[in-house]
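What follows is a set of notes on a single structure, which appears directly below.
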Amino acid sequence: MGPQSTPDLSTQASTLSLSTVAIIGLGTMGTGIAEVLTRAGREVIGIDTDEAAARHAVSALEAATARAVQRERLTERERRDALARFRTFTDLQAAADADLVIEVVPEDYELKRQVFAELDAVVRPDTILATGTNALSVTRLAADSPRPERVLGVHFFNPAPAMKLVEVVSSVLTAPTAVAAVTEFARDLGKDPIAVGDRPGFVADGLLFGYLNQAAAMYESKYATREDIDAAMRLGCGLPMGPLALLDLIGVDTARTVLEAMYAESQDRLHAPAPILGQLAEAGLTGRKAGRGFYTYDAPGGATAVPDAESPAAADEQAGGRSVTGVGVAGSGTMASGIAEVFAKAGFKVVLAARSLEKAEKAKARIAKSLGRSVDKGRMSAEARDAALAAVTPAGSLDAFADVDLAVEAVAEDLAVKQELFKTLDKVCKPGAVLATTTSSLPVVACARATSRPQDVIGMHFFNPAPAMKLVEVVRTVLTADDVHATVRAVCAKVRKHPVDCGDRAGFIVNALLFPYLNNAIKMVEEHYATLDDIDAAMKLGGGYPMGPFELLDVVGLDVSLAIEKVLHAEFRDPGLAPAPLLEHLVAAGCLGRKTGRGFREYARR
């Protein structure tokens, strides 16, 4: 494993307290790390060749600790002590007494190599040298050092004071004692460290940046607006930020650098930077720090997006739409009953039709149970519950849809089944009725062509559970009439859902961005790069995701996930979208997730 027997490091690193830490580079990340360290009792030597950056770091730390005092997270005495532990310099010689050095200079290999070369001549033999890179090779930096055993990666996430994840990155040259010392150091800071090997992006960014890249490409293709892409991922997946807003926060230039490094290793087209990233970076439109990226901000470094030429104009959603008072919902499953509940609570008259009256009545009973829980939790009154329930009429045949203004199907995700249902709706529903499918992966136009009125057919993709999830993907085909589109957007507003416009292609917005990310997580496990637990922890702690990818896969169902991934692969013909073999093997074995008691993990049977 290389020179891991160096006496200075191997005999001392495991007992090092790492009490004095030098930070090279006092930008946003360096300053954030300094705050974490000083508040945890470490002596911090901040080094930046730019005196203005050093002064700004001191001011930022003063402001951050003052806010912490106001919020009663620090006492005034603790604040003064923390500030006293932070000293700034412009010369690397100041790092001479450090136990650990963390460099967070810009993502440029030659610059980082030069910093490490100078540090090698300054620091003690047992000092650990850490790079904060998330894109460049830790192994290459180590190999260029005369003491490669003490070089590793320590990847904090922005904002460092708030984000719990720290990736501790070792190369084949890194001494295990150095990894152990830094891992324990991160735990002492109150962070959750995970140990990973050296590859571009590591775990969290390795998964995150592919997703961000696809979102940028989706926007560039004019498939959806920036606002709709971001809203779809926030409301459909529970993410703290949309992908384009996140790219502006990270820095468009930084994202492009990370993706270039990932593509150089993987040759996966999903990692080849979308051309718009290069165009924005070359134009200096690098995001928040420049005041403009995908969005325009109130000032360079500002966090508030302001209207610009691409901002949607306020429009009257009702304009040009058709009148809707009666709604038909076809199906008897969880999604059908959830959608019927949404419409009933909004005051629409709802016909809930299933293959038999008994199935329809069971679906209405499910609605009654859901409404009862809302009353118990104080979210609605008993009177409102009774009114909503009274608005739902169960039926055992689609013939009951004769007078509805909007018919929404929520039956099995099988194209032949849906086409047969639309043939029936075409015969039963009155002229001018809007016919909608809730499909998440099938072509809406194929349902439309099963009717004699394809102009009246549109997609309304609700998310499960429909009563709770705010998003509806509104899917226009090339045949959908303008007034049908206007009608559905107006209906979404009435039921208090957020509509986003999509074209009729596989995955629409959410699934087209979500499932390649999930597939890449599976590939990471297949390659034995990281464990299920580490990947789930990385995405929750480092990306702010409500669930890790394997938790989500088991909840969605591995069979459902595989079906969607096959549809995406067939539509876009990209080899990188081919379902991971491990997913196919688990589905073939009947391990479908929580519903079968076993998927990527095992679950107690109820």
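In this text, all values refer to a predicted model and were calculated from it rather than measured experimentally. Keep in mind that the numbers below use all heavy atoms, side chains included, and drop hydrogens, waters and symmetry copies.
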Original post:
Does Pro579 offer a backbone N or O that forms a donor-acceptor pair with the side chain of Lys523 under 3.5 Å?
Top reply: no
Original post:
Can you list the residues that meet the salt bridge (charged side-chain N to carboxylate O under 4.0 Å, His left out) rule with Asp399, with sequence neighbours excluded?
Top reply: none
Original post:
So, Glu571 and Arg505, do they make that salt bridge, N to O below 4.0 Å?
Top reply: no
Subject >> Residue list, side chain to side chain donor-acceptor pair (under 3.5 Å) with Lys430, at least two apart or on another chain >> reply: Asp405
Subject >> Check against side-chain hydrogen bond (donor to acceptor under 3.5 Å, both in side chains), Glu310 and Thr225 >> reply: CA-CA 9 Å; Glu310 287 191 49; Thr225 67; over 6 Å; no
**OP:** Decide, yes or no, whether a salt bridge links Glu341 with Lys364 under the criterion of side-chain N to carboxylate O below 4.0 Å.
**Re:** no
Per-pair distances, 0.1 Å, donor-acceptor, side chain in residues 247-261, under 3.5 Å, sequence neighbours excluded:
{"from": "Asp248", "atom 1": "OD1", "to": "Phe294", "atom 2": "N", "distance (Å)": "2.9"}
{"from": "Asp248", "atom 1": "OD2", "to": "Phe294", "atom 2": "N", "distance (Å)": "3.2"}
{"from": "Asp248", "atom 1": "OD2", "to": "Tyr295", "atom 2": "N", "distance (Å)": "3.0"}
{"from": "Asp248", "atom 1": "OD2", "to": "Tyr297", "atom 2": "OH", "distance (Å)": "2.7"}
{"from": "Asp253", "atom 1": "OD1", "to": "Lys289", "atom 2": "NZ", "distance (Å)": "2.9"}
{"from": "Asp253", "atom 1": "OD2", "to": "Lys289", "atom 2": "NZ", "distance (Å)": "3.2"}
{"from": "Arg256", "atom 1": "NH1", "to": "Glu282", "atom 2": "OE2", "distance (Å)": "3.3"}
{"from": "Thr257", "atom 1": "OG1", "to": "Asp253", "atom 2": "O", "distance (Å)": "3.1"}

Original post:
Do Asp504 and Arg476 meet the salt-bridge criterion of a basic N to acidic O distance under 4.0 Å?
Top reply: no
Subject >> Thr480: side chain to side chain donor-acceptor pair (under 3.5 Å) partners, not counting sequence neighbours >> reply: Thr477
**OP:** Compute whether any side-chain donor of one residue and acceptor of the other, for Thr487 and Arg322, lie under 3.5 angstrom apart.
**Re:** no
Original post:
With Ile458, which of Val444, Val474, Leu435 fulfils side-chain contact (heavy atoms from CB on, under 4.5 Å)?
Top reply: Val474
Subject >> Worked check of side-chain hydrogen bond (donor to acceptor under 3.5 Å, both in side chains) between Asp554 and Tyr603 >> reply: CA-CA 10 Å; Asp554 279 353; Tyr603 302 89; 2.5 Å; yes
**OP:** Measure the acute angle between the ring planes of Tyr517 and Tyr545, then classify it against the limits of 30° and 60° as parallel, tilted or perpendicular.
**Re:** tilted
Subject >> Partner set under salt bridge (charged side-chain N to carboxylate O under 4.0 Å, His left out) for Asp574, not counting sequence neighbours >> reply: Arg269
**OP:** Write down the atom of Ser266, the atom of His271, and the distance for their closest heavy-atom approach.
**Re:** OG-ND1, 2.8 Å
**OP:** Spell out, as yes or no, whether a donor-acceptor pair under 3.5 Å connects the side chain of Asn134 to the backbone of Gly201.
**Re:** no
Subject >> Short N-O contact, Lys540 and Asp192, less than 4.0 angstrom >> reply: no
Original post:
By side-chain contact (heavy atoms from CB on, under 4.5 Å), which residues pair with Met469, not counting sequence neighbours?
Top reply: Phe463, Pro465
**OP:** Output, in order, the C-alpha distance, side-chain angles, deciding distance and verdict of side-chain hydrogen bond (donor to acceptor under 3.5 Å, both in side chains) for His485 and Asp501.
**Re:** CA-CA 9 Å; His485 174 249; Asp501 287 329; 2.7 Å; yes
Subject >> Glu220 (side chain) donor-acceptor with Ile276 (main chain) under 3.5 angstrom >> reply: yes
